[in-house]
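Everything numeric in this text was worked out from a predicted model, so none of it was measured.
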Amino acid sequence: MVFYELFCISRTRLVEANIKDLVKQTSLIVMNKGGVVRNLKPMGELPLPYRIRKHQEYHVQGYQWLMQFDANPSVVNELNKKLKVDPRVLRHAVIRLGSKLEDIVVSAEKTGTKV
């Protein structure tokens with residue numbers, strides 16, 4: 001499995017239940033296909049670096065959150081398709097952080113710590 005990070009910006013004026021549902025549905029897509037969600041990090045409502053036009057509306061703020069997960073590339077393709085058409089999502093990006101254990105885990109040599 002490959003280690004990925006999803007960065008997502010959703011609409012700000014959503015009810016809290018909608019944001020929770022978006023995060024839950026995104027996590028379930030990964031887990032139902034045999035993936036593992038490692039971390040969810042809400043970053044809160046933040047101003048966007050530029051105005052985003054999505055769903056015939058301009059947005060200057062967005063609710064931003066990160067999800068780190070392990071999955072295969074076909075799961076990422078399905079996740080991209082679902083998030084692209086979801087009206088709650090303004091932008092999203094999936095970044096591959098590593099495919100080997102050495103890429104993901106920082107060794108003691110590189111950090112200078114003693115084991």
From [atom1] ([X]) to [atom2] ([Y]), nearest 0.5 Å:
X	Y	atom1	atom2	result
F7	K41	CZ	NZ	10.5 Å
L90	H55	CG	NE2	7.0 Å
N80	K84	CG	NZ	8.5 Å
L22	W65	CG	CH2	5.0 Å
Y4	D70	OH	CG	10.0 Å
S10	Q64	OG	CD	9.0 Å

Does [X] reach the side chain of [Y], with side-chain heavy atoms less than 4.5 Å apart?
X	Y	answer
H59	T12	no
S27	L40	yes
V30	M67	yes
R96	V76	no
L6	L83	yes
V94	F69	yes

Practice prompt. Kindly determine whether Q25 and I29 satisfy side chain to side chain contact (heavy atoms under 4.5 Å, CB included), including the steps that lead there.
Written response: CA-CA 6 Å; Q25 292 303 319; I29 291 170; 5.5 Å; no
Discussion item. One pair to check against side chain to side chain contact (heavy atoms under 4.5 Å, CB included): N18 and R11. What are the steps and the verdict?
Written reply: CA-CA 10 Å; N18 278 335; R11 293 174 171 234; over 6 Å; no
[X]-[Y] co-clustered via ILVMFWY side chain contacts under 4.5 Å:
X	Y	answer
V89	I52	no
V23	L28	yes
L14	V60	no
L48	Y63	no
I9	L79	no

Worksheet item: Centre of Y58's six-membered ring, under 6.0 Å away, within 45 degrees of the axis: is that where NZ or CZ of R53 sits?
Response: yes
Fill in: Pairing residues for Q68 by the side chain to side chain donor-acceptor pair (under 3.5 Å) criterion, not counting sequence neighbours
E5
Worksheet item: With sequence neighbours excluded, what pairs up with K82 under the side chain to side chain donor-acceptor pair (under 3.5 Å) test?
Response: none
